[in-house]
Amino acid sequence: QVQLVESGGGLVQAGGSLRLSCAASGRTFSRYTLGWFRQAPGKEREFVAAVRWSSYSILYADSAKGRFTISRDNAKNTVYLQMNTLKPEDTAVYYCAVKEGAVDSSIANRYDYWGQGTQVTVSS
């Protein structure tokens, strides 16, 4: 059974940085895409970034480009989201998720497995 465990969230001032981790287990992920999404109160879940496990192909939302970096560590089966120059509007619960294949990597309902989420709060 696939398990995804996020960590690294917290409270940070605007302009600061956080690194989120997502530890994946229960499967060989070579054919999978791992994505990061976020959901703020009262808003829909929003795509942030995704990485194709085998090819390292990466996709970012416009809101993440230039500030966030997604990466993965094969040996640890872990995906990271380095977030720099954080803004109050980045405040949300951040989720990692996995799906087979590379199509529609920015669409939440294409993902099969989700972590429990980690809260990121950016104060102004």
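- By the side-chain contact (heavy atoms from CB on, under 4.5 Å) test, E46 is found to be paired with R38, S63, residues two or more places apart in sequence or in another chain being considered.
- Remark: side-chain polar atoms of Q116 are paired, donor with acceptor, to backbone N or O of E6 under 3.5 angstrom.
- Cluster annotation: L81 and Y32 are assigned to the same hydrophobic cluster (Ile/Leu/Val/Met/Phe/Trp/Tyr, side-chain heavy-atom contacts under 4.5 Å, transitive).
- The CZ atom of F68 lies 10.5 Å from the OH atom of Y60; values are rounded to the nearest 0.5 Å.
- For S17, the side-chain contact (heavy atoms from CB on, under 4.5 Å) test picks out Q82, N84, with sequence neighbours left out.
- The closest side-chain heavy-atom distance from N74 to F29 is not below 4.5 Å.
- The two residues A14 and P88 have their closest heavy-atom pair at CB-CD, 4.1 Å.
- A donor-acceptor pair under 3.5 Å links the side-chain atoms of T91 to the main chain of V122, judged by distance alone.
- At a threshold of 4.5 Å between non-hydrogen side-chain atoms, the residues T118 and Y95 do not count as touching.
- Classification of K87 and D90 as a salt-bridged pair fails, no side-chain N sitting under 4.0 Å from a carboxylate O.
- Between the CD1 atom of I70 and the SG atom of C96 there is a distance of 9.5 Å, given to the nearest 0.5 Å.
- Note that CD of Q3 and OH of Y113 are 12.0 Å apart. Values are rounded to the nearest 0.5 Å.
- A donor-acceptor contact closer than 3.5 angstrom is absent between the side chains of Y80 and R72.
- Contact detail for T78 and A23: the closest heavy-atom pair is OG1-CA, 3.9 Å.
- For the pair G8 and L18, the tightest heavy-atom approach, listed with the atom from each and the gap, is O-CD2, 3.8 Å.
- Atoms CE and OG1, on M83 and T69 in that order, are 11.0 Å from each other to the nearest 0.5 Å.
- Taking the side chain as every heavy atom from C-beta outward, V79 and D73 never approach each other to under 4.5 Å.
- In this structure, W114 is not a member of the same hydrophobic cluster as V5, with clusters built from ILVMFWY side-chain heavy atoms closer than 4.5 Å.
- Rounding to the nearest 0.5 Å gives a distance of 10.5 Å between CG of D112 and OG1 of T33.
- Proximity of a side-chain donor or acceptor of K65 to a complementary backbone N or O of R67 within less than 3.5 Å is not detected.
- Separation of atoms CG (L34) and OG (S71) is listed at 11.5 Å; rounding is to 0.5 Å.
- Residues L59 and Y56 fall into different hydrophobic clusters, defined by Ile, Leu, Val, Met, Phe, Trp and Tyr side chains chained together at heavy-atom separations under 4.5 Å.
- Proximity of a side-chain donor or acceptor of T121 to a complementary backbone N or O of L11 within less than 3.5 Å is not detected.
- Closest heavy-atom contact between A40 and A92: N-CB, 3.8 Å.
- Contact record, Y111 with A50: OH-CB, 3.7 Å, taken as the closest heavy-atom pair.
- Across all their heavy atoms, Q119 and V93 have their closest contact at OE1-CG2, 3.2 Å.
- Taking the six-membered ring for Trp and thresholds of 30 and 60 degrees, F37 and F47 have ring planes more than 60 degrees apart, a perpendicular arrangement.
- In this structure a side-chain-to-backbone donor-acceptor pair under 3.5 Å is missing from D104 to I107.
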